[in-house]
Amino acid sequence: MNSLVLGIESSCDETAVAVVRNATQVLANEVSSQVDTHRRYGGVVPEVASRQHLESLPFLVEAAFQKAGVGYGDLTGIAVTAAPGLIGALLVGLSAAKGLAFRLDLPLAAVHHIEAHLYAAQLDTEPIVFPALGLVVSGGHTEIYDIQDWGKYRLLASTRDDAAGEAFDKVAKLMGLGYPGGPMIEKLAKLSPDKKSHFTRARMSDGTQDFSFSGLKTAVSLELQKNPVQNETDQRNLAAKFQNTVLLEIGSRVQNALEAGTYKSLIVGGGVACNQALRDHLGKMTGSFGIDLRVPPPKYCSDNAAMIAGLGAYQLSQGKRADLSTTAIPRAAFY
Amino acid sequence: MVTSSFLCETPEQTFQLGEAIGKSAQAGEVWCLTGGLGAGKTQFVKGMAKGLDYEAPVTSPTFSLQNIYPARLPLYHFDWYRLNKPEEVEGLGWSEWLSKDGVVVVEWGDKFPQLLPSYAIHMLFDTVSDQGRRLIIQGKDEQNKSRVQEIILCWPL
């Protein structure tokens, strides 16, 4: 069974198009922020306006076909992000995908963006061994899932307020660092010898495993007021203290979930999964449990369409098709 | 202009003030929340959502830019923190959301004051201690004068 699926992603900032063979082999993975938008079509970042997704999309489809060395006639299916995201932005990708599916008479897969972030761990590599524990950490999401197989999920924990990636960006802003904040903090923290000290941990009054990062942001803000950063050493140590706390918050919940289940793999997805300190921290943990750590390379961690095409191709192979009346949903669960 | 301030000594009290306002909120209301990082804006919106009988989690829309909660009245939760130009707000269909039958609340709304309607109610979040916040309410329009007065009278609970 050979499949060749075109994937379209337009749920938030990025417009992206990819071509994936047999649900795992990525032939092309084009993202709008990687091309020279200013020169080619005067784009604005962040790409919030539906109009900008609309302007980028045809160029990206063209570029993806060129890179993959295929054309419309070679495709066996179309996959698109249908949820969650900005309604206007989602609708651009969804409408384009429906148009292509209708015109080319191909099956359509409507994919959930967060489920696709988990599926990304299977791109260009070996299949995941289930059952797996799934962690999604990004600018907008921080969640832990029990995954018995693709399509069989249970939400174990999620954030009550800010996402982990948002905490990185906002703390970087408080510290007067540039954007994006994640890589800046990671770089500074790496230069600090302090791998232990941390801020007060969030405690859920109802005893759940849910995350909360809003209090951490406030704690850093208060710390800066009480002890202003005087020099580079202070800055590095504060970055380290913050990052150590995030690693502890995420690590302890993953550890608890791994202890409570019988998992064979830990899947990590989302932009914050690019953070090497987090990868190392989780790597030690999976090592001690004797299970696989599956974190995709950075290009499949941040928003991309390869994960959409991959998951869409998998769903189509399972007979899960979306019809042309499918609509975009700003907030939806896939579990 | 009608103005007053509320002293919320804990995040729970900030939530409770939001809840009281959500309970009496009416369709078409627009709220502009102003305050630094960690000042309690999202905490206040969580309370508003609860007051509007919305039980599911309310999370920060900084990354998603807009969250929609199907509450007693739809609650449209915006965050302009990441946006740099008024055109980007317009690109989100801003004027359309204003004309819907729901409650609009914008964090970092002061970034583009020109986009806010004159009848918007302003809430300023001032950090007075680790946990304590002073919330200052401002109604600048005849249209929202009685609504702001009603809220001022509801506190302390």
Side-chain angles (χ1 to χ4, degrees), chain A residues 11-13 44-53 84-89 91 113 138-143 158-167 169-174 179-180 205 210-226 270-271 303 329-331 333, chain B residues 10-12 14-15 35-47 49 54 56-71 74-94 96-97 100 107-108 125 127-133:
Chain A
S11 60
C12 198
D13 292 12
V44 185
V45 181
E47 222 167 328
V48 293
S50 315
R51 183 171 44 82
Q52 283 144 5
H53 284 294
L86 286 165
I87 184 82
L91 279 172
H113 182 88
S138 69
H141 293 266
T142 308
E143 286 141 28
S158 63
T159 182
R160 293 284 178 87
D161 38 56
D162 300 359
E166 178 180 349
D169 281 339
K170 288 192 168 167
V171 164
K173 177 94 171 186
L174 285 169
Y179 187 89
S205 51
D210 281 346
F211 295 92
S212 169
F213 288 107
S214 180
L216 176 57
K217 174 182 69 189
T218 311
V220 173
S221 159
L222 292 167
E223 173 91 11
L224 277 164
Q225 280 166 29
K226 284 175 196 156
D303 286 353
I329 311 172
R331 265 162 104 82
Chain B
T10 60
E12 289 70 37
T14 304
F15 181 96
L37 290 170
K41 300 183 293 300
T42 304
Q43 179 72 6
F44 175 83
V45 180
K46 280 171 181 277
Y54 183 73
V58 166
T59 51
S60 166
T62 295
F63 185 80
S64 61
L65 302 169
Q66 178 192 20
N67 290 341
I68 302 171
Y69 313 115
L75 180 59
Y76 305 116
H77 185 189
F78 288 85
D79 188 330
W80 293 351
Y81 177 80
R82 290 202 302 137
L83 303 179
N84 302 310
K85 296 178 186 168
E87 300 88 76
E88 292 173 342
V89 180
E90 298 286 10
L92 292 171
W94 172 240
E96 262 176 71
W97 296 106
K100 287 184 189 273
E107 299 192 35
W108 299 92
F125 292 69
T127 303
V128 293
S129 68
D130 283 14
Q131 299 258 301
R133 304 288 186 268

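Quantities reported herein were computed from a predicted structural model and do not represent experimental measurements. Quick note on labels: first sequence line is chain A, next is B, and so on, each numbered from 1.
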Applying side-chain contact (heavy atoms from CB on, under 4.5 Å), run through T62(B) and D162(A) and close with a yes or a no. CA-CA 8 Å; T62(B) 295; D162(A) 300 359; over 6 Å; no

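Contact detail for P330(A) and I68(B): the closest heavy-atom pair is CG-CD1, 4.3 Å. Of all heavy-atom pairs spanning F63(B) and C12(A), the tightest one is O-SG, 3.5 Å.
Taking the side chain as every heavy atom from C-beta outward, R82(B) and D169(A) never approach each other to under 4.5 Å.
Between chain B and the residues R160(A), K170(A), K173(A), the largest count of heavy-atom pairs under 4.5 Å involves K170(A). Between chain B and the residues I87(A), D161(A), T218(A), L216(A), the most heavy-atom pairs under 4.5 angstrom are made by D161(A).
Interatomic distance, D79(B) CG to E166(A) CD, rounded to the nearest 0.5 Å: 7.0 Å. Distance check: Q52(A) CD to E88(B) CD gives 7.0 Å after rounding to the nearest 0.5 Å.
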